[in-house]
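Here the structure is a predicted model, which means the values were calculated and not measured.
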Amino acid sequence: MASLLAGTLFEARGQAPAPSKDFYQLMVTRKEVIFRWWKISLRSENREARPGELKESHEDFLDDPSLQIQIAIVFGGDTLDHIFNMCRGNFDFLVRLPDALLLYIISYLDLEDIARLSQVSHRFETLCNSDKLWEMVVENLSGRITPEMRSLAQDVGWKQFFFTNKLQLQLQLRRRRKKSDSSESLSD
């Protein structure tokens, strides 16, 4: 499975906490952790400071508390934990799946599971509330969607269309038919 991973597993950029103005870049590749920094200072003794770079293998990073502390200060504890997991070989393959494939999988979940999944992360919240997902859910459950139904769903949103009861949908479809019939008779 690790062979499916891209060359760069993680990348982040950030600025050190105030009062520092220094910039940092953190990259994790398949084999190493790369930490780069750019010193920003108005003091004359620091103006000539060159950018720096530190490269360590995953094993060396796990044994280097000074680098770990620097990363935690600049990027936070959650980022440090994420890097620990990657260096230990614990990769989250689910987040690497394309949206289209995730939507296809999610469309077969129960409604309660979709609601729970939407609380996992911002990405899953976006996917679970997307019109594309609810269009797939409606098609999976109802089988056949008429062009008239599709038009209504696109107007009100597929999620709203799914959760609207059948009587209300029939009423809305009837109103749309009357409206289109009256506009056609006016154009004749």
Side-chain angles (χ1 to χ4, degrees), residues 1-137 157-159:
M1 274 301 235
S3 65
L4 298 174
L5 296 173
T8 301
L9 304 176
F10 178 80
E11 184 174 357
R13 295 180 182 100
Q15 188 172 4
S20 176
K21 301 288 184 200
D22 300 343
F23 286 96
Y24 294 89
Q25 179 188 30
L26 174 64
M27 286 179 53
V28 180
T29 66
R30 286 189 200 180
K31 299 192 186 272
E32 58 191 359
V33 176
I34 304 166
F35 188 68
R36 295 182 178 126
W37 60 89
W38 294 265
K39 297 286 183 186
I40 309 297
S41 176
L42 296 176
R43 293 185 180 166
S44 59
E45 66 268 11
N46 292 334
R47 284 190 187 158
E48 300 300 318
R50 301 213 182 274
E53 178 179 80
L54 179 63
K55 291 183 178 183
E56 291 187 352
S57 69
H58 289 191
E59 297 79 22
D60 291 343
F61 171 77
L62 292 171
D63 294 331
D64 187 351
S66 63
L67 180 55
Q68 295 168 10
I69 289 169
Q70 282 183 296
I71 289 172
I73 289 170
V74 176
F75 296 102
D78 291 340
T79 300
L80 181 61
D81 290 340
H82 185 60
I83 294 168
F84 277 145
N85 283 327
M86 286 187 286
C87 289
R88 291 179 182 130
N90 302 327
F91 302 108
D92 187 358
F93 290 97
L94 187 61
V95 298
R96 290 180 165 31
L97 292 176
D99 287 351
L101 181 56
L102 285 172
L103 285 170
Y104 181 76
I105 293 168
I106 295 169
S107 71
Y108 287 97
L109 294 177
D110 293 331
L111 295 178
E112 297 84 18
D113 295 330
I114 293 174
R116 284 189 204 109
L117 184 63
S118 72
Q119 298 172 354
V120 168
S121 68
H122 291 291
R123 181 180 183 205
F124 282 116
E125 178 184 19
T126 302
L127 290 172
C128 289
N129 289 313
S130 71
D131 269 351
K132 188 68 181 159
L133 171 68
W134 290 99
E135 180 181 0
M136 294 168 79
V137 169
W158 283 95
K159 187 174 181 180

Item to check | Side chains of Leu102 and Pro98 in contact at under 4.5 Å (non-hydrogen atoms) | outcome: no
Checklist outcome for this item: One should read off an interatomic distance between Leu62 CG and Glu56 CD, to the nearest 0.5 angstrom, of 9.5 Å
Next on the checklist: Can a donor-acceptor pair be found, under 3.5 Å and without considering hydrogens, that links the side chain of Asp110 to the backbone of Glu112?
Outcome noted: no
Item to check | Check: Trp158 side chain, Ser130 main-chain N or O, donor-acceptor pair, under 3.5 Å | outcome: no
Checklist entry - Which is it for Leu54 and Phe61 under the side chain to side chain contact (heavy atoms under 4.5 Å, CB included) test, yes or no, and what are the steps along the way? => result CA-CA 10 Å; Leu54 179 63; Phe61 171 77; over 6 Å; no
Checklist entry - Hey, are the side chains of Trp134 and Ile114 touching, using non-hydrogen atoms and a 4.5 Å cut-off? => result yes
Item to check | Atom pair CG/OG1 of Leu133 and Thr126 - distance to nearest 0.5 Å | outcome: 12.0 Å
Checklist outcome for this item: Between Leu109 and Leu117, the two heavy atoms sitting closest are CD1-CD2, 4.0 Å
Checklist entry - Can we say Lys132 and Asp99 salt-bridge, meaning some charged N sits less than 4.0 Å from an Asp/Glu carboxylate O? => result no
Checklist entry - Hey, what's the ring geometry for Trp37 with Phe35, parallel, tilted or perpendicular (30° and 60° as the breaks)? => result tilted
Next on the checklist: Determine whether Leu26 and Ile83 satisfy the following criterion, side chain to side chain contact (heavy atoms under 4.5 Å, CB included), listing intermediate values before the conclusion.
Outcome noted: CA-CA 10 Å; Leu26 174 64; Ile83 294 168; 3.0 Å; yes
Checklist entry - Are side-chain heavy atoms of Phe84 and Asn90 found at a separation under 4.5 Å? => result no
Next on the checklist: Side chains of Arg13 and Phe23, heavy atoms from C-beta outward: is any pair under 4.5 Å?
Outcome noted: no
Checklist entry - Does any non-hydrogen side-chain atom of Glu32 lie less than 4.5 Å from one of Ile34? => result yes
Checklist entry - So do Trp38 and Arg50 actually touch side chain to side chain, heavy atoms under 4.5 Å? => result no
Next on the checklist: Pair Val33, Met27 - check side chain to side chain contact (heavy atoms under 4.5 Å, CB included), show working.
Outcome noted: CA-CA 6 Å; Val33 176; Met27 286 179 53; over 6 Å; no
Checklist entry - Between Lys159 and Asp131, which heavy-atom pair has the shortest distance, and what is it? => result N-OD1, 4.1 Å
Next on the checklist: Does Gln119 form a side chain to side chain donor-acceptor pair (under 3.5 Å) with Glu125? I'd like the steps, not just the answer.
Outcome noted: CA-CA 6 Å; Gln119 298 172 354; Glu125 178 184 19; over 6 Å; no
Next on the checklist: Testing the 3.5 Å rule here: is there a donor-acceptor pair between the side chains of Thr79 and Asp81?
Outcome noted: no
Next on the checklist: I'd like to know if the side chain of Ser20 and the backbone of Pro17 have a donor-acceptor N/O pair within less than 3.5 Å.
Outcome noted: no
Item to check | Pairwise distance CG(Leu97) to CD1(Ile105) - rounded to 0.5 angstrom | outcome: 6.0 Å
Next on the checklist: Quick one: does any side-chain atom of Asp22 pair with a main-chain N or O of Ala16 as donor and acceptor, under 3.5 Å?
Outcome noted: no
Checklist entry - Could you state the interatomic distance from SG (Cys128) to CZ (Arg116), rounded to the nearest 0.5 Å? => result 12.0 Å
Checklist entry - Under the 3.5 angstrom rule, does the side chain of His58 hit a backbone N or O of Thr29 as a donor-acceptor pair? => result yes
Item to check | Partners passing ring-ring contact (aromatic ring centres under 6.0 Å, His included) against Phe75 (at least two apart in sequence or in another chain) | outcome: none
Checklist entry - Ser66 and Asp64: side chain to side chain contact (heavy atoms under 4.5 Å, CB included), yes or no, with the steps? => result CA-CA 6 Å; Ser66 63; Asp64 187 351; 2.8 Å; yes
Checklist entry - If only atom types and distance count, is the side chain of Gln15 paired as donor or acceptor with the main-chain N or O of Tyr24 below 3.5 Å? => result no
